[in-house]
Novice: 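I'd like to ask some things about the structure below.
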Amino acid sequence: MRILTGLQPSGGLTLGNYIGAIKQMVKYQDEYESFIFVADLHAITVPQNPEELRRNIKSLIAIYLASGLDKDKNTIFIQSENIYHSNMSWLLECLTPYGELGRMTQFKDKSLKHQNFGAGLLTYPVLMASDILLYDADFVPTGVDQKQHVELARNIAERVNKKYGDIFKLPEPLIPKDGAKICDLQDPTKKMSKSSENPKGVIYLLDTEDVIRKKIMSAVTDSDNEIKYDPDTKPGISNLINIYTSLSGMKVEEVVFKFKDSNYGTFKRIVADLVVETLIPIQKRYQEIINSPELDKILDAGRDKTLEIARRKYLELKDRMGLGR
Ligand code: AQP
């Protein structure tokens, strides 16, 4: 069985990206044939500074490896180095009703945040469908927030198969049962995001120990000082419980029971210890990897292998649609 997944180099990676995506990828590498990419074409759906973007692309690859993704178990590549992603996207865009794209929740959210946004923000889910369908991925590991996009990819595949014959495999989302959504530490009703305007609410994977501790100690919580899990009425403390649960492997009930007599200050310190314990070894490996020539070798191999697979799939649809000679 094959999976395909990727992250956008749209900023420094966050603890949310680690818990919701990277940690899962590391687990899946022993169960599936894994294609892991850096979604740089997706990142440009909103404005990016070119130098920062290039730095973030390289940094993302080094984080994948430092977090435990094994170069021999995964095919790792950069999306824009494979021209067939954009080529396929154009074919699929022409086969996707405009109305279907306007209904995507992420488009509705992001189009409100950016003024004069580019058309790519609307067509982004079709590019994502291309990413998935080019490789006949069986599963797409993703957070709940992206489920709608995988369903769109499936709808597109079904439509194309019906019209042009069986070309695409129908993908399914792979949503971890224990995969909590990590929220912003300053506004725990909002998802923790790379592109957040307030860095105090976000733990970046490369934050220093001191900064990580400060951010967690000043996380917004309610005033009743009781460790209880209730995301609706106690989003701040519930978010810290989610972080602890995801990193320790314990269940929410176990965590609540273990810390029932602790106050918020003590619990925050314990959460900070665990986050630091998780991230410092990743940061050490990251420093060893980031300037190693090994990175280029891994990316060259990933590019060459995926070009071959994607080219065949693209040519198949192009041919069936009657394009070219
Ligand atoms: N806060 C989060 N909690 C759990 N999972 C999360 N993911 C992102 N934030 C959280 C998961 O990480 C992957 C990231 O996908 P992406 O890089 O393509 O973009 P995104 O979901 O839009 O992530 P960000 O960090 O919020 O980026 P920006 O700010 O650029 O929009 C996905 O699997 C997602 O579920």
Side-chain angles (χ1 to χ4, degrees), residues 3-26 28-29 34-86 89 120 124 127-128 130-131 134-135 141-142 146 192-196 199 202-209 211-212 278-310:
I3 61 170
L4 175 128
T5 186
L7 295 177
Q8 298 182 61
S10 43
L13 291 199
T14 73
L15 186 65
N17 298 136
Y18 177 74
I19 290 175
I22 301 179
K23 204 164 168 279
Q24 311 293 333
M25 293 177 188
V26 174
Y28 293 139
Q29 68 183 350
S34 300
F35 283 70
I36 309 284
F37 67 106
V38 175
D40 55 348
L41 293 172
H42 287 286
I44 58 166
T45 50
V46 298
Q48 300 291 341
N49 170 299
E51 280 104 51
E52 260 175 48
L53 179 60
R54 184 143 299 140
R55 253 198 319 275
N56 287 335
I57 291 171
K58 195 172 164 198
S59 175
L60 179 42
I61 308 273
I63 293 226
Y64 280 158
L65 298 167
S67 303
L69 284 179
D70 182 332
K71 68 175 172 51
D72 297 321
K73 291 185 187 162
N74 299 275
T75 301
I76 300 175
F77 67 107
I78 299 176
Q79 185 187 28
S80 67
E81 292 189 353
N82 187 322
I83 51 165
Y84 298 107
H85 287 248
S86 317
S89 189
Y124 156 104
L127 179 59
M128 182 167 158
S130 308
D131 302 332
L134 277 171
Y135 299 97
T142 177
Q146 292 283 344
M192 184 184 282
S193 265
K194 291 180 218 104
S195 57
S196 166
V202 180
I203 299 196
Y204 296 98
L205 299 185
L206 299 179
D207 275 347
T208 61
E209 172 169 352
V211 169
I212 295 171
T278 308
L279 297 188
I280 297 301
I282 294 177
Q283 294 182 0
K284 286 206 177 111
R285 285 195 293 275
Y286 174 89
Q287 293 306 340
E288 288 159 19
I289 294 168
I290 186 73
N291 289 317
S292 135
E294 181 77 354
L295 277 189
D296 278 328
K297 282 197 201 135
I298 294 170
L299 292 173
D300 287 350
R303 179 199 56 208
D304 294 348
K305 177 172 170 187
T306 59
L307 272 173
E308 196 40 45
I309 300 173

Novice: Rounded to the nearest 0.5 Å, how far does CD of Glu308 lie from CG of Asn82?
Specialist: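 If I round to the nearest 0.5 Å, the distance is 10.5 Å.
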Novice: Answer yes or no: is there a side-chain heavy-atom contact under 4.5 Å between Ile61 and Ile298?
Specialist: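 Result no, sub-4.5 Å side-chain heavy-atom pair not found.
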Novice: Side chain of Gln24, backbone of Pro141: donor and acceptor closer than 3.5 Å?
Specialist: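 Between the backbone of Pro141 and the side chain of Gln24 there is no qualifying donor-acceptor contact (under 3.5 Å).
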Novice: Checking side chain to side chain contact (heavy atoms under 4.5 Å, CB included) against Pro281, which of Lys284, Arg285, Gln283 comes through?
Specialist: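 Only one option passes, and that is Arg285.
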Novice: Working to the nearest 0.5 angstrom, can you tell me the gap between Ile44 CD1 and Ser80 OG?
Specialist: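 Output value for this atom pair is 8.5 Å.
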Novice: Looking only at non-hydrogen atoms, find the nearest pair between Thr45 and Gly120 and report the distance.
Specialist: CG2-O, 3.4 Å
Novice: Where is the tightest heavy-atom contact between Gln29 and Ser34, given as atom of each residue plus distance?
Specialist: CA-OG, 3.8 Å
Novice: Could you check whether any side-chain heavy atom of Leu7 comes within less than 4.5 Å of a side-chain heavy atom of Val38, counting everything from C-beta outward?
Specialist: no
Novice: Identify whether the distance between the nearest side-chain nitrogen and carboxylate oxygen of Asp300 and Arg303 falls below 4.0 Å.
Specialist: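 Looking at Asp300 and Arg303, the cut-off is met.
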Novice: Counting N and O atoms only, with roles assigned by atom type, does the side chain of Asn74 sit under 3.5 Å from a partner on the main chain of Ile76, one being a donor and the other an acceptor?
Specialist: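 The answer is no, because no donor-acceptor pair under 3.5 Å joins these two groups.
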Novice: What do the steps show when you test Tyr18 against Ile282 for side-chain contact (heavy atoms from CB on, under 4.5 Å), and what is the final call?
Specialist: CA-CA 11 Å; Tyr18 177 74; Ile282 294 177; 3.6 Å; yes
Novice: I need the minimum non-hydrogen distance between Leu13 and Asn17, along with the two atoms involved.
Specialist: CA-OD1, 3.6 Å
Novice: Are Phe35 and Lys305 packed together at the side-chain level, in the sense that at least one heavy-atom pair is separated by less than 4.5 angstrom?
Specialist: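 Result yes, sub-4.5 Å side-chain heavy-atom pair found.
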Novice: Is any side-chain heavy atom of Val46 closer than 4.5 Å to a side-chain heavy atom of Ser10?
Specialist: no
Novice: Measure the shortest side-chain to side-chain distance between Thr75 and Ile309 over non-hydrogen atoms and say whether it is less than 4.5 angstrom.
Specialist: no
Novice: Evaluate the side-chain proximity of Thr278 to Leu15: yes if any heavy-atom separation is below 4.5 Å, no if none is.
Specialist: no
Novice: Shortest non-hydrogen contact from Leu205 to Ile63?
Specialist: CD1-CG2, 3.8 Å
Novice: With Phe77, which of Tyr135, Tyr84, Tyr64 fulfils ring pair (Phe, Tyr, Trp, His ring centres under 6.0 Å)?
Specialist: Tyr135
Novice: Look at the side chain of Thr14 and the backbone N and O of Gly16, then say whether any donor-acceptor pair between them is shorter than 3.5 Å.
Specialist: yes
Novice: Under 3.5 Å, is there a donor-acceptor pair linking the side chains of Asn56 and Ser59?
Specialist: no
Novice: Can you see which heavy atom on Gln79 is nearest to which on Asp40, and at what distance?
Specialist: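 Smallest heavy-atom distance, with atoms named: OE1-N, 3.3 Å.
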Novice: Looking at CD of Glu288 and CD of Glu294, how far apart are the two atoms once the value is rounded to the nearest 0.5 Å?
Specialist: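 Glu288 CD to Glu294 CD: 13.0 Å, rounded to 0.5 Å.
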Novice: Could you point out which residue of Leu134, Thr306, Ile36, Asp131 forms a side chain to side chain contact (heavy atoms under 4.5 Å, CB included) with Leu4?
Specialist: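 Answer after filtering Leu134, Thr306, Ile36, Asp131: Asp131.
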Novice: Measure across Leu65 and Ile289 and return the closest heavy-atom pair with its distance rounded to 0.1 Å.
Specialist: CB-CD1, 3.8 Å
Novice: Applying side-chain contact (heavy atoms from CB on, under 4.5 Å) to Lys297 and Lys71, what does each step give before you reach the verdict?
Specialist: CA-CA 10 Å; Lys297 282 197 201 135; Lys71 68 175 172 51; over 6 Å; no
